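What you see is a predicted model, and the numbers here were worked out from it, not measured in a lab. Chain letters run A, B, ... following the sequence lines, proteins first, then strands; residues in each count from 1.
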There are 2 protein chains.
Amino acid sequence: MATTIKDIARKAGVSISTVSLVLNHKGYVADETREKILSIIKEMDYKPLHSARKLATQKTGNMGYILWEGHFSEVEMFYSQVFLGMEYAARKNDYYILLTTVNDHFDPRQDLPRFLKYNDVDGVALAGRVPLDLIHYLDKHAIPFVLVDYEVPGKNYNTIKIDNYNGAFRAVEFLIEQGRRHISFVGGTFIHPSIKERYRGYKDALEKHGLLNNSYLEAYSYCENVETSRAIGEKGIKKLLKSRPEIDGVFCCNDTTALGVLSGIQSMGKTIPEDVAVIGFDDIPPAEFSSPKLSTVSVPKLDIGKEAYKLLYEQIYNPNIMPQTRIISVDLVIRESSQTKNKP
Amino acid sequence: MATTIKDIARKAGVSISTVSLVLNHKGYVADETREKILSIIKEMDYKPLHSARKLATQKTGNMGYILWEGHFSEVEMFYSQVFLGMEYAARKNDYYILLTTVNDHFDPRQDLPRFLKYNDVDGVALAGRVPLDLIHYLDKHAIPFVLVDYEVPGKNYNTIKIDNYNGAFRAVEFLIEQGRRHISFVGGTFIHPSIKERYRGYKDALEKHGLLNNSYLEAYSYCENVETSRAIGEKGIKKLLKSRPEIDGVFCCNDTTALGVLSGIQSMGKTIPEDVAVIGFDDIPPAEFSSPKLSTVSVPKLDIGKEAYKLLYEQIYNPNIMPQTRIISVDLVIRESSQTKNKP
DNA sequence: TATTTTAATCGAAACGTTTTAATTTATTTT
DNA sequence: AAAATAAATTAAAACGTTTCGATTAAAATA
């Protein structure tokens, strides 16, 4: 069969312990023997058998990545990218990321992902909004976990956050700088904290520039209490434009919505960006291919995945460390949908 | 620590061998003892440690799922759904599916997914178009694999195919039955066999109904030699409509393209389906939310994943079985984009 | 009844690592 | 030169299963 650590030891004329030591960069071993062993390993193309290693170390070498079914299979590609980022980062330590989904009706006794049921992961990353019961389960069973782009009010868990507030603030401020004066907000449910934060950034930017009066938000924002989608965006902006034709800028809670907003505006005979400027959030791939190309707040999805991995890894190997929150900063990227209104 | 097989054996007053036998449904064990052991297992919530089991059985309990980076992270959600289907099916046998991507510049010596490098999978599924060198590597190393929605000309590998030809044929025939007479095709690169087959179905349907003359295909099809995208669809149909304003139906190589076609037609001031009927292929989620809602050939993505899993599983446990091809049939689903042209 | 077959159970080896503690060898300190 | 310390190596135990072959008990056959 495949070559084992024994074969290496025999050929190198040492014990398997020594080979193991060089493999794991531990203990003392003479430079000379190390070199010899290393070269034999390469020569025989030896690869430690992971299941044996795992049995001995009592680690699984796996991390879980859980997300809501809808986010994976439906409209969002955001979290797939985050997954990829984790997967890339995990290569360094030979971790595998096991991806699975949970759905809305989650009962820990029944619907627990099997890598949790069978203790096949050392920790898990939770992407986006996931059932609270799942979080509680992990907490209770002391399984290391990190929340990605989500948070639980009043609880202090390990979290990777996007700088939603500043991203939104900056985007809206940009619209104002470009001469827009009637800027509306289109979004979905506020269950997701990210969206709430983006709304707050929107509001504060308006306020800073003295655009916010009593009835402003009521008149200029459209939020429906469902998951975001193109359809919501299209429907929302149409309704807004009908009652407020003076709208000349839209900040959307995310790109998916923004793409719908684009269609909505166009279907009402207005042009983008001349009549209405639009900025989204996330920078998902289709944003580059829309017409006009969508300006947006770009979120570094791969980096998020990478940070999630790193944080989770630290938690696994230092279980007593305090929970941390890391904030990933974002960039405003200007494409076509938000050009200057009035060139000076 | 966690309860082990020893704990179960001790409590049941039997040897660990016996416990193992009932766990694996092997050998003879008296009904009475089986019941007893089973109930103790449940009572103590015993879960066999996978790494130990894997070490003993010399199986990894993992399958790989490899797809081209672009397909995962960019516009396509098709293969994500297939993955989900595999993941669902894998639950039955406690297999884990390890997802990873490869990119265009693939060198087996460098870019081999690490689950292959470290022999951490019992077999792999290849989704869509993947580098030929990868396939050759698997073939050479006798690693069980199945191709999903792809094939290599002249080679007889395990394959899950979509019934592209008949799906396309049926879609186009439907357009004809509805009174359409100038039906064009919009697509991307023919590198992918599926697209080639869909084109063939398109052509044959036209021919069957006597619509195909010498210059037809040239005049009415638009194919660009790049990956399919919305942009291609939009660009393609605009160009076609300019030279052939009589076009009253479009069959698209897939939904992504079709969504672009929808925008393209609308941006030229025509209405769907009154002026032009559109049918796509794949039935990706956004097809349900476009306006008008996209008629399409629905491909059961979860089923594909499930079949891929089953075929791969069979290959792993019967390595000497002949390579098989399984064809997944498709359904024409009529939504709004293809209504009857002339009601009688 | 003695023998063979079948059913039920078990002891022990095997799977390929890591790790602890012991041992040997080399180096430094007194 | 002896004693103490540090460096290098190793034997053996441990990780938790499966499985092979042996053993015993019960049932079927002669």
Side-chain angles (χ1 to χ4, degrees), chain A residues 1-38 40-41 44-62 93-96 117-120 122 316-317, chain B residues 1-38 40-41 44-62 93-96 117-120 122 316-317:
Chain A
M1 294 298 282
T3 61
T4 79
I5 198 173
K6 265 185 204 157
D7 302 323
I8 303 297
R10 186 175 319 117
K11 186 135 180 185
V14 298
S15 76
I16 62 169
S17 325
T18 307
V19 177
S20 179
L21 288 179
V22 347
L23 241 31
N24 297 287
H25 314 100
K26 285 190 176 168
Y28 299 105
V29 20
D31 287 352
E32 197 190 355
T33 35
R34 166 178 297 107
E35 294 311 323
K36 186 170 180 186
I37 289 173
L38 248 23
I40 292 180
I41 284 178
M44 302 183 72
D45 191 35
Y46 163 69
K47 305 271 190 279
L49 189 72
H50 281 164
S51 48
R53 175 173 277 180
K54 288 167 181 176
L55 178 56
T57 57
Q58 298 289 82
K59 292 258 183 264
T60 69
N62 300 323
N93 304 300
D94 271 329
Y95 258 90
Y96 290 116
K117 196 147 72 183
Y118 296 113
N119 296 117
D120 272 332
D122 299 335
I316 290 171
Y317 289 91
Chain B
M1 294 298 283
T3 61
T4 79
I5 197 172
K6 264 185 204 156
D7 302 322
I8 304 297
R10 185 175 319 116
K11 186 137 181 183
V14 297
S15 75
I16 63 168
S17 327
T18 307
V19 178
S20 178
L21 289 179
V22 347
L23 240 31
N24 297 287
H25 314 100
K26 286 191 175 167
Y28 299 102
V29 22
D31 289 351
E32 197 190 355
T33 34
R34 166 178 296 108
E35 295 311 323
K36 187 170 179 185
I37 289 173
L38 249 20
I40 292 179
I41 284 177
M44 303 184 71
D45 191 35
Y46 163 68
K47 305 272 189 275
L49 188 73
H50 281 164
S51 49
R53 176 174 275 181
K54 288 167 181 175
L55 178 57
T57 58
Q58 298 288 81
K59 291 258 184 266
T60 69
N62 299 322
N93 305 299
D94 271 328
Y95 258 90
Y96 291 116
K117 195 146 71 183
Y118 295 113
N119 296 117
D120 272 331
D122 299 336
I316 290 171
Y317 288 91

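- Side-chain N or O atoms of A/S20 include none that pairs as donor or acceptor with a backbone N or O of A/I16 at under 3.5 Å.
- Taking only side-chain atoms of B/S17, from C-beta outward, the nucleotide of C/dA12, C/dT18, D/dG16 with the closest atom is C/dA12.
- Not a single donor-acceptor contact under 3.5 angstrom links the side-chain atoms of B/T4 to the base of D/dG16.
- Whole-Å rounding puts the B/E32 CD to C/dA8 C1' distance at 12 Å.
- Looking at heavy-atom distances under 4.0 Å, B/T33 makes contact with sugar-phosphate atoms alone, never a base.
- Spacing between atom CD of B/Q58 and atom P of D/dG16 amounts to 19 Å, rounded to whole angstrom units.
- Within 4.0 Å (heavy atoms only), A/S20 reaches at least one base atom of the nucleic acid.
- In this model, the phosphate group of D/dA7 is approached by a side-chain N or O of A/Y28 to a distance below 4.0 Å at OP1 or OP2.
- With D/dT17, C/dC10, C/dG16 as the choices, the nucleotide that has an atom nearest any side-chain atom of B/A56 turns out to be D/dT17.
- Here B/K26 lies in heavy-atom contact (under 4.0 Å) with sugar-phosphate atoms only.
- The distance between atom CD1 of A/I5 and atom P of D/dT10, rounded to the nearest whole Å, is 12 Å.
- Counting atom types as modelled, A/T18 pairs no side-chain N or O with a base atom of D/dA8 as donor and acceptor under 3.5 Å.
- With B/I41 as reference, B/I8 is the one residue of B/I8, B/T3, B/I5 to meet the side chain to side chain contact (heavy atoms under 4.5 Å, CB included) rule.
- Contacts of B/L55 with the nucleic acid, taken as non-hydrogen atoms under 4.0 Å apart, include base atoms.
- Rounded to a whole Å, the CG atom of A/L21 is 11 Å from the P atom of C/dT20.
- Residue A/K6 is out of contact with every strand shown, counting any heavy-atom pair closer than 4.0 Å.
- For the atom pair OG1 of A/T18 and NZ of A/K36, the computed distance is 11.5 Å after rounding to the nearest 0.5 Å.
- Mapping B/T57 and A/V19 onto DNA chain C by nearest heavy atom places B/T57 closer to the 5' end of the strand.
- A side-chain donor from one of A/T60 and A/D122 sits under 3.5 Å from a side-chain acceptor of the other.
- For B/R34 and C/dA7, the CZ to P distance is 13 Å, given to the nearest whole Å.
- Checked against D/dT9, D/dT17, D/dT10, the side chain of A/V29 finds its nearest nucleotide in D/dT9.
- Between A/H50 and A/Y96, the ring-plane angle classifies as perpendicular under the 30° and 60° cut-offs.
- If you measure from atom CD1 of A/I16 to atom P of D/dA14, you get 15 Å, rounded to the nearest angstrom.
- One can place NE2 of B/H50 at 14 Å from C1' of D/dT18, the figure rounded to the nearest angstrom.
- Across the protein-nucleic acid pair, A/D31 atom CG and D/dA8 atom C1' stand 11 Å apart, rounded to whole Å.
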